[in-house]
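Have a look at the structure below, then the notes.
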Protein chains: 2
Amino acid sequence: MIQNIQIQLNEHLYIKDPMQSDLGKAMLEKSVELIYEIGFEEFTFKKLSIDIPTTEATIYRYFENKHRLLQYLTNWYWSAMTIEYKYLTNNIKIAEQAINTGISLMINPTKFMPQHPMLSIEKLFGIIIKESTKSYLTHTIEEDNILKIFKPYKDFCNVLASSFLVYAPKFPFAHSLASTCVESILHQCYFMQHLPSLTDCKNITGTKSLQTFIQHLIFNTLDKNK
Amino acid sequence: MIQNIQIQLNEHLYIKDPMQSDLGKAMLEKSVELIYEIGFEEFTFKKLSIDIPTTEATIYRYFENKHRLLQYLTNWYWSAMTIEYKYLTNNIKIAEQAINTGISLMINPTKFMPQHPMLSIEKLFGIIIKESTKSYLTHTIEEDNILKIFKPYKDFCNVLASSFLVYAPKFPFAHSLASTCVESILHQCYFMQHLPSLTDCKNITGTKSLQTFIQHLIFNTLDKNK
DNA sequence: GATTATTAATAGTAATACTATTATAAATAA
DNA sequence: TTATTTATAATAGTATTACTATTAATAATC
């Protein structure tokens with residue numbers, strides 16, 4: 001586990017860097033709690049300002065809108081996950097083992113990621129499961145992409161795809177499989193909680209069945225293409 | 001292709017059945033066009049009322065809110081898809097062939113689904129790709145689920161899962177694989193259009209590469225469990 | 001033709017998303 | 001030390017959104 005690493009994020013995500021002031025840090029901390037509790041649609045800067053406490057206008061001096069704040073949080077998450085994955089697989093020579101580590105990390109980020117003094121990884125994971133697709137399923141996707149807003153998410157998918165290619169160098173769909181796995185894990189977690197008939201995985205005993213399913217998906221697909 | 005089938009939808013989706021009046025039908029037709037054009041976040045009943053034309057309050061007499069209207073459209077889509085899948089695979093004895101039909105249908109609904117006098121399947125498919133997850137990633141998920149709002153989506157996943165089980169009766173993750181495939185196809189379509197580095201599939205030549213990827217995913221996973 | 005029921009429009013309100021301007025505090029220079 | 005600049009936050013707004021109570025108009029039935 002890595003500690004005390006300041007994650008440098010895309011400066012288009014904020015107007016004023018929230019990490020540079022106590023008030024900004026409070027915005028991040030409280031926004032994670034509030035979005036986790038009431039959901040992104042119900043979340044407003046007015047409500048956040050009451051929790052901090054500060055004024056609505058002050059939050060607007062840090063973030064363009066609530067959407068950018070969500071992108072800030074998802075960027076932080078995927079940046080941290082990429083660092084953690086690289087760290088965890090650093091001395092692993094066997095590709096299969098690296099991939100399994102990646103699956104475990106994605107399913108149980110709280111077990112692997114270091115505790116953060118400000119951001120609750122558990123709540124952040126909950127936000128990633130429920131809200132993260134809303135950060136790119138928007139009408140501003142093209143502009144945001146030009147600003148490199150989705151780079152951390154792409155980076156994570158890319159390091160995962162690279163591990164797939166070490167295991168099966170001729171596999172022609174490494175990137176598609178990586179993004180499918182990332183999204184599938186998040187979806188299956190959501191379905192386990194809220195729409196259990198859409199999954200065979202159970203929440204009990206540490207989500208071991210989800211791990212098995214994703215292993216099936218990845219290794220059976222890759223084995224035919226080794 | 002099936003034609004002239006009136007799809008009966010869950011009555012909790014609307015206050016007044018939009019299919020029972022010309023004004024209601026105009027709401028459905030114009031909402032598909034408008035959501036397709038400007039996206040669900042920018043879509044409001046006020047804007048829709050100008051397009052129809054009618055008043056905002058009148059639309060509220062048909063739908064509780066814009067969220068229910070989105071759920072109405074996604075329910076219509078998955079109901080129609082389930083009917084179409086059952087029709088297309090009706091006389092197919094070979095499970096592999098049925099599954100391949102399902103994949104084709106999901107990737108190219110416009111090729112298989114009958115033209116609809118009111119709803120543009122092409123635009124509706126675009127809405128499904130970009131907006132459909134927003135119909136269940138909400139804080140009202142539990143209440144909505146009790147009202148059986150997600151039944152058509154579950155039904156489609158279930159018929160797909162059933163085909164998987166005909167092909168590989170011992171496979172323990174048929175439902176997870178079905179929901180993963182459905183979501184993966186929609187995601188890969190979105191990534192092809194907007195974030196191509198997250199996929200290996202290309203939009204050109206009729207999305208054949210996506211078909212190949214999903215076939216890989218399904219059959220390699222199922223083959224090991226036959 | 002009168003009564004009842006259905007449906008749509010008018011006219012609102014509270015909350016949301018945002019911004020221009022002012023006030024306050026901190027940092028630096030004279 | 002005081003004056004000046006700079007950075008930061010609060011005040012006080014506005015336009016839009018989401019929604020509703022009430023009234024008006026139309027159609028159906030007695």
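Here is the naming used below: chain letters follow the sequence lines, and residue numbers restart at 1 for every chain.
- No side-chain donor-acceptor contact under 3.5 Å links Glu183(B) and Ser184(A).
- Remark: P of dT11(D) and CZ of Arg61(A) are 15 Å apart, rounded to the nearest angstrom.
- For Asp17(A) and dT8(D), the CG to P distance is 11 Å, given to the nearest whole Å.
- Nearest-nucleotide positions on DNA chain C for Gly24(B) and Glu56(B) put Gly24(B) closer to the 5' end.
- Of the candidates dA18(D), dA10(D), dC18(C), the closest approach to any side-chain atom of Thr44(B) belongs to dA18(D).
- Phe45(A) places its CZ atom 14 Å from the P atom of dA9(D), with the value rounded to the nearest Å.
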Begin with the C-alpha distance, continue with both residues' side-chain angles, and end with the deciding distance and a verdict on salt bridge (charged side-chain N to carboxylate O under 4.0 Å, His left out) for Arg68(A) and Asp144(A). CA-CA 10 Å; Arg68(A) 277 279 191 264; Asp144(A) 291 351; 3.2 Å; yes
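- Lys66(A) forms a cation-pi arrangement with Phe40(A), by the criterion of a distance under 6.0 Å to the ring centre and an angle within 45° of the ring axis.
- Within the 4.0 angstrom heavy-atom criterion, only backbone atoms of the sugar-phosphate kind lie near Lys16(A); the bases stay farther away.
- Residue Thr54(A) is classed as a sugar-phosphate contact, given heavy-atom separations below 4.0 Å to backbone atoms only.
- Residue Asp22(B) contributes atom CG, which lies 19 Å from atom P of dT6(C) at whole-angstrom precision.
- Atom CD1 in Ile15(A) sits about 16 Å away from atom P in dA7(D), given to the nearest Å.
- In the set dA11(C), dC18(C), dA8(C), dA11(C) carries the atom at the smallest distance from any side-chain atom of Ala57(B).
- Residue contacts shown for Tyr62(B) are limited to sugar-phosphate atoms, with no base heavy atom under 4.0 Å away.
- Ionic pairing of Glu41(A) and Lys134(B) is not present here: no N-O contact between side-chain nitrogen and carboxylate oxygen is shorter than 4.0 angstrom.
- Nucleotide dA18(D) holds its P atom 12 Å from the CG atom of Leu69(B), rounded to whole Å.
- Ser179(A) places a side-chain N or O within 3.5 Å of a backbone atom of Ser176(A) that can act as its donor or acceptor partner.
- Dashed line: the shortest gap from a side-chain N or O of Thr55(B) to OP1 or OP2 of dA9(C) is under 4.0 Å.
- Straight-line distance from the CG atom of Leu23(B) to the C1' atom of dA25(D): 14 Å, rounded to whole Å.
- What separates CZ of Arg68(B) from C1' of dC19(D) is a distance of 15 Å, to the nearest Å.
- Within 4.0 Å of Lys66(B), counting heavy atoms only, lie sugar-phosphate atoms of the nucleic acid but no base atom.
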